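Because the structure is predicted, anything quoted here is derived from the model rather than measured. We're numbering straight along the sequence, starting at 1.
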Amino acid sequence: MEKTAERETAKTSQRTRMIVMTAAFAALACVATMVVKVPSPTGGYMNLGDTVVLLSGYLLGPAWGALAGSIGPALADVLLGSPIYAPATLVIKAGMAALAAACYQVFGKGRGPLGLAACGVVGELPMVVGYWLYDALLMGSAAGAAAGIPSNLVQAAFGIAASTLLAAALGRSAYVRREFPRL
């Protein structure tokens, strides 16, 4: 009976920890999306949010990372006055974090920065394609929406590079490896 209670307490403690970490990464993703905004020629903006979206996937895993990586940027869309993008952002960024995390767990772990970068590419694909399709829906023109692809590719490249460097640096810390064993 005592062992069962200990296991339940440990499970509850771990779940609480993951909820808190998810909320912290969601807040960080929101701030990273809002703080540095570089206007794109298509009317949107490039930001640092993708870095945190990918990191949340690597550190928290596919499910928790998807929650953190989607809630923060979607909230940023609302706070920055673009609520029409929030539903798309919620789905697209969740896909980004989940795909990058799953790729990393299956193929990238132990492969160093190249594994992280490759999984970042996999994770960024839904962002580029997703926003192109969503813009096409809003504009009624796939060709017109294609004008946003270059700036999304630049944002993707920066997100991949920055998250790869940060994850590789974090992975050198014994503390980070202990607290985030997925990395």
Side chains of Y131 and T89: do they bring a donor and an acceptor to under 3.5 Å? yes
Would a 4.5 Å heavy-atom cut-off, applied to side chains only, mark L138 and Y85 as touching? yes
Less than 3.5 Å apart, any donor N or O on the side chain of S82 or D77 sitting next to an acceptor on the other? no
For T9, is there any backbone N or O sitting under 3.5 Å from a side-chain donor or acceptor partner on S13? no
Nearest atoms (heavy-atom pairs only) where A68 meets P73: O-CD, 4.2 Å
Which atom pair, heavy atoms only, marks the closest approach of M34 to A76? CG-CB, 3.6 Å
Nearest heavy-atom pair of M127 and I92: which atoms, and what distance? CA-CG2, 3.4 Å
Are any side-chain N or O atoms of Y58 and backbone N or O atoms of G120, one a donor and one an acceptor, separated by less than 3.5 Å? yes
On a heavy-atom basis, the closest approach of A136 and A142 is CB-CA, 3.7 Å
How far apart are the closest heavy atoms of N47 and T33, and which atoms are they? CB-O, 3.4 Å
Answer yes or no: does atom CZ of R17 have more than 12 heavy-atom neighbours from other residues, nucleotides or ligands under 6.0 Å? yes
Can you check whether G65's main-chain N or O pairs, donor with acceptor, with S56's side chain at less than 3.5 Å? yes
Under 3.5 Å donor-acceptor, R182 side chain and Q105 backbone: no
In this structure, CG of L48 is separated from CD of Q155 (nearest 0.5 Å) by 8.5 Å
Heavy atoms of other groups near L165 CG, more than 12 under 6.0 Å: yes
Nearest 0.5 angstrom please: T164 OG1 to L114 CG, how far? 9.0 Å
4.5 Å side-chain heavy-atom contact, F25 and V20: no
Under a 4.5 Å cut-off applied to non-hydrogen side-chain atoms, are V91 and S70 in contact? no
